[in-house]
Each structure stands twice: as C-alpha cells, then as structure tokens.
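Structure, as structure tokens:
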Amino acid sequence: MNGGSPRPLMDSVQYADWAPGGNDLAVVRFVPERHVYRLEYPVGTVLNETSGWVSHPRFSHDGKKIAFLDHPVFGDDMGYAAVVDLKGKYKRLSGTFGTTQGLAWSPSGDEVWFSGSHNGASKNWGIYGATLGGRDRLVYAGPGNVAIQDALSDGQVLVQAVDDRRVVMVSTPDHPELRDFTWMDWVYGARFSADGKWLLFGDQHSGPNYGTFLRNLDGSPAIRLGDGDPADLSADGKWAMSRVGGKPDQMLILPTGTDRK
C-alpha cells in the first residue's frame with residue numbers, strides 16, 4: 001500500500017480468489033508440460049483438472065465450495081457453471097452456453113450467478129443463476145453485454161458493461177492502403193486464397209457454432225460457407241476447411257462454389 005513495483009508470487013496462474021478470511025488462495029494454473037488447467041486449493045492441491053480450461057473461481061460464502069466456469073474446448077469461452085467441494089467432488093450446475101464470462105455467488109448463497117449467452121455469440125450477455133441442484137434461470141437481461149464481477153450478502157451486485165468489436169484490415173499490392181473487410185463484429189482467423197483474390201475468415205457472432213465466410217477482395221459481400229472456425233483454403237480455392245468445437249472436434253470440408261471467378 002506504500003507503493004513499489006509488483007513482484008511475482010506464483011508461475012502460470014491465470015485466475016485466483018481469496019478464501020474467506022483472506023489467509024489463502026484458490027488458483028487456476030496452466031500446466032504447459034501437460035497442456036492442462038488445474039484448480040488448486042490450497043495451492044498445490046488439485047481439486048479439478050481439465051484438458052479444456054477453467055476460469056473465474058469463487059468461494060462460497062461459507063468457504064466449503066468453489067464455483068467456477070468450466071470451458072470444455074481449449075481457447076473457447078463456451079462453457080457452463082460448475083462447483084467443486086474441498087475434497088474435489090465435482091458437479092456441473094448449468095447447461096452449455098456459447099459464451100460464459102464472469103461469476104459470483106448470489107447474495108443468498110443458494111445460487112451461482114454467471115454471465116453468458118446461449119447463441120454462441122459474445123453479444124447480449126445476460127446474468128444467469130444456477131442452483132446447486134443443477135437448474136439454471138435468467139436473472140437479468142439488459143442491452144449489450146453485462147458481465148457480473150461480484151455480489152455481496154447485503155444484495156449489492158457489481159457488474160461490468162462490455163462493448164467490444166474485432167475488425168480485419170487488408171492491404172494488398174493493388175490497394176496498399178488498409179481497407180476494413182469486417183463482415184459482422186467478431187472476426188478472426190483470416191486466410192488469403194492462393195491467388196490473393198479472396199479472404200477466408202470466421203465470425204463468432206454468426207450462430208451457435210460460429211461461421212466461416214469467404215469474401216472477394218473487390219469488396220463484394222461475404223459468402224457464409226458454413227459453421228465452424230476457419231482453418232484454410234485448398235490450393236485451387238474450391239474447398240475450405242473449418243473446425244466445429246466439441247468433444248471430439250469436427251473438421252468440415254466446405255465447398256466454396258462451382259465457379260468463384
């Protein structure tokens with residue numbers, strides 16, 4: 001509190017939460033050698049391990065349970081609310097949401113509240129509540145994205161309004177100035193065709209399984225080829241590959257059309 005530079009305490013920790021009383025931490029640690037995420041409490045004692053990832057651990061008011069968001073696909077915020085007790089007994093609490101962000105115990109302590117969206121997009125997050133019996137409900141819906149950060153036993157709730165967008169800018173020898181080729185508002189994974197005339201990209205706001213798009217660099221409208229994350233185009237440009245996340249993942253081969261010229 002008197003100032004000074006921060007110093008490292010632990011390696012590879014992604015998330016943490018103080019136990020009631022403030023004497024110890026629960027941490028989410030990434031183990032790069034095994035490519036797994038671990039929820040630990042106390043530090044070094046593994047309560048949960050996954051080849052996906054986990055986020056936003058929060059102790060219950062009595063300190064006997066830790067709720068968190070369980071994301072089954074590594075790198076994707078699709079997921080569901082879950083809880084584990086201090087002996088490692090795990091329970092899933094909610095259905096699967098296309099986006100999950102932020103978590104807190106309800107003021108009464110009988111639900112886990114989290115932010116998410118059912119439709120696979122990171123727009124229009126609502127706040128949902130999940131009981132320890134495994135039933136979820138909508139607690140609050142507002143315009144845009146609302147991410148819950150904390151809740152107090154006196155009923156106060158801290159939320160964050162989130163408004164973000166991703167764009168893809170393209171520069172080519174014919175048009176060296178940057179041009180915006182964004183089609184929706186959460187674009188990612190862009191690839192050029194071999195002839196440099198087409199752009200393959202994805203958008204996570206285009207459906208529950210996202211979407212793979214192809215767009216001509218002449219500026220004409222984008223073509224939605226199908227579901228999934230874009231992977232690459234074939235050398236002749238007639239096929240695109242995409243990945244639909246799950247257990248296991250699915251790889252799709254999508255035709256780009258009978259004649260793209």
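One is the number of the first residue; the rest follow in order along the sequence. Predicted model, so just to flag it, every value in this text is computed and none were measured.
Residues R38 and V31 have side chains in contact (heavy-atom distance under 4.5 Å, counting atoms from C-beta outward). Residues V28 and F68 fail the side-chain proximity criterion, which asks for heavy atoms closer than 4.5 Å. Contact check for W53 versus V36: no side-chain heavy atoms found under the 4.5 Å cut-off. The shortest side-chain heavy-atom distance between V170 and L199 falls under the 4.5 Å cut-off. Side-chain contact check for S242 versus D227: every heavy-atom pair is 4.5 Å or farther apart.
Of the options V43, V46, L39, a side chain to side chain contact (heavy atoms under 4.5 Å, CB included) to R29 is made by V43 and by none of the others.
In summary, the aromatic rings of H71 and Y37 are positioned with their centroids too far apart to meet the 6.0 Å limit. In this structure, F114 has its ring center no closer than 6.0 Å to that of H56. The ring of Y128 has its center closer than 6.0 angstrom to the ring center of F97.
L158 CG to L152 CG: the interatomic distance, rounded to the nearest 0.5 Å, is 8.5 Å. Between the NZ atom of K197 and the CG atom of D174 there is a distance of 9.5 Å, given to the nearest 0.5 Å. Note that CD of Q156 and CG of D154 are 4.5 Å apart. Values are rounded to the nearest 0.5 Å. A distance of 9.5 Å separates CG of L69 from CG of D77, quoted to the nearest 0.5 Å. Of the inter-residue distances, the one linking T256 atom OG1 with L254 atom CG reads 9.5 Å to the nearest 0.5 angstrom.
Between D218 and R215 no salt bridge is recorded (no basic side-chain N to carboxylate O distance below 4.0 Å).
D136 and Y80 are not linked by any side-chain donor-acceptor pair at a separation below 3.5 angstrom, with hydrogens and angles left out of the test.
F201 and L233 end up in different hydrophobic clusters when Ile, Leu, Val, Met, Phe, Trp and Tyr side chains are linked at under 4.5 Å. A single hydrophobic cluster is not seen to contain both V54 and L25; linkage of ILVMFWY side chains at heavy-atom distances under 4.5 Å, directly or through other members, places them apart.
Between Y188 and Y210, the ring planes lie perpendicular to each other; the angle is over 60°, past the 30° to 60° tilted range. A perpendicular orientation is assigned to the rings of H35 and F30, their planes being inclined by more than 60° (bins at 30° and 60°).
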- request: Check the pair D85 / K65 against salt bridge (charged side-chain N to carboxylate O under 4.0 Å, His left out), numbers first and verdict last.
  value: CA-CA 4 Å; D85 67 17; K65 296 181 176 66; over 6 Å; no
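L217 and T172 get closest at one heavy-atom pair: CD1-CG2, 3.9 Å.
Side-chain atoms of W105 come within 3.5 Å of backbone atoms of R58 as a donor-acceptor pair (strictly under, hydrogens ignored). The closest donor-acceptor contact from the side chain of D17 to the backbone of F59 lies under 3.5 Å.
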